[in-house]
Amino acid sequence: MSDISANQPPFRHLLGIEGLSAPDITEILDLSDEYVAQNRQVDKKRSILGGRTQINLFFETSTRTRTSFELAGKRLGADVINMTATASAIKKGETLIDTAATLNAMHPDTLVVRHPHSGAVALLSQKMDCSVINAGDGSHEHPTQALLDALTIRRRLGHLHGLTVAICGDILHSRVARSNIMLLNIMGAHVRAIAPPTLLPGQMDRMGVDVYHNMEKGLRDVDIVMMLRLQNERMNGAYVPSTREYYHFFGLDQAKLSKAKPEALIMHPGPMNRGVEIDSELADDINRSVIREQVEMGVAVRMAVLDLLSRRPSNLPPIGPSGGPDGGAS
Ligand code: ASP
């Protein structure tokens, strides 16, 4: 593995893609490439996080992200502890701040947090002495998902700059969409948002995307088709008439995909609702779908993030209310 330890990452936490620069992102992706190679060997372990403690604190369900962070930490030699909201004092009414103070007293080195409320992870980071990684906060950000998506695309197509990426479906509730839109813009890709008006946030044009309400039009000549799950758990009331009708207009099937470039890749962050946002056969099409590859890239990206954050100088000043001098880049 090449020595990039001379690089001092400009961030103490990874709270979002917002604030990262193209060189920051490239540095993470380059290191992730090395971890992809390592993860394909029989011996996947390194000891660079030996003696360190990583706590995964999940207030929302997760399969991929939690397992992936756990594997990533263990492969780098850290002691990893998993805490879920259902099996902790949070269930007994403890506040987020008290939970943070309790965990802080145990001197973890990294805290990986998923929370249903946007901004909760940033709040928590202000109470912790260790690095905090956002594993998804409400409909706000999911930075490691955007990074793993970028790694998947870059390894397949060689670059991100100049590509056209269509993000389709429930953009309104999707932290994956927000983080991806920011990352793709930073890296010089063109982003299209394709969704019914009810599933789009206001002022999308300010986010640097072209908006479409029609899949056939929006998918024309795109390089990447990124599908999103209907996030029913974040919906109050009905945003689509029925899942059947949604699939008819916005579900990815062969006919709609034929409008994209012939070699266009299909992505989905998971979990997938087959037959709702994506045709089951397309999801499994080994020539077009890179959904399983995204999962593999997730472990490598999280190893790279854990590695880079562990290199931060230990004498960084505490972060202030707005994220402070070093927190601002997260
Ligand atoms: N797994 C992703 C997330 O946590 C996407 C999803 O749940 O639909 O945001």
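The chain is numbered in sequence order, starting from 1. Atoms within each ligand, like the ligands themselves, are counted from 1 in listed order. This one's a predicted model, so the numbers in the text were calculated from it and none came from an experiment.
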Using a strict cut-off of less than 4.0 Å between a Lys/Arg side-chain nitrogen and an Asp/Glu carboxylate oxygen, indicate whether [X] and [Y] qualify as a salt bridge.
X: Glu18; Y: Arg178; answer: no
X: Arg274; Y: Asp284; answer: yes
X: Arg155; Y: Asp33; answer: yes
X: Glu70; Y: Arg66; answer: yes

Q | For Val176, atoms of ligand 1 separated by under 4.0 Å from a heavy atom | A |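 So the answer, numbered in order with elements, is 2 (C), 5 (C), 9 (O).
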
Q: List the closest protein heavy-atom neighbour of atom 7 (O) of ligand 1: residue, atom name, distance to the nearest 0.1 Å.
A: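 Its nearest protein heavy-atom neighbour is Arg229 NH2, 2.9 Å.
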
(Q) Given Pro269, Gly136, Gly270, identify the one with the heavy atom nearest to atom 1 (N) of ligand 1. (A)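 Looking at heavy atoms only, Gly270 sits closest to atom 1 (N) of ligand 1.
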
Counting heavy atoms only, which part of [X] comes closer than 4.0 Å to ligand 1: side chain, backbone, both or neither?
X: Arg175; value: side chain
X: Glu60; value: neither
X: Gln231; value: side chain

Q: Examine ligand 1 and decide if any of its atoms is less than 4.0 Å from a heavy atom belonging to Pro271.
A: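 Within the 4.0 Å threshold, so yes.
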
Q. Does ligand 1 have an atom under 4.0 Å from some heavy atom of Arg114?
A.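 Arg114: in contact with ligand 1 (<4.0 Å).
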
Q | His159-His161 aromatic ring centre distance below 6.0 Å | A |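 No, too far apart.
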
Q) Can Arg302 be said to sit on top of Phe69's aromatic six-ring, NZ or CZ under 6.0 Å from centre and within 45° of the ring axis? A)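 Judged by the rule, Arg302 and Phe69 form a cation-pi pair.
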
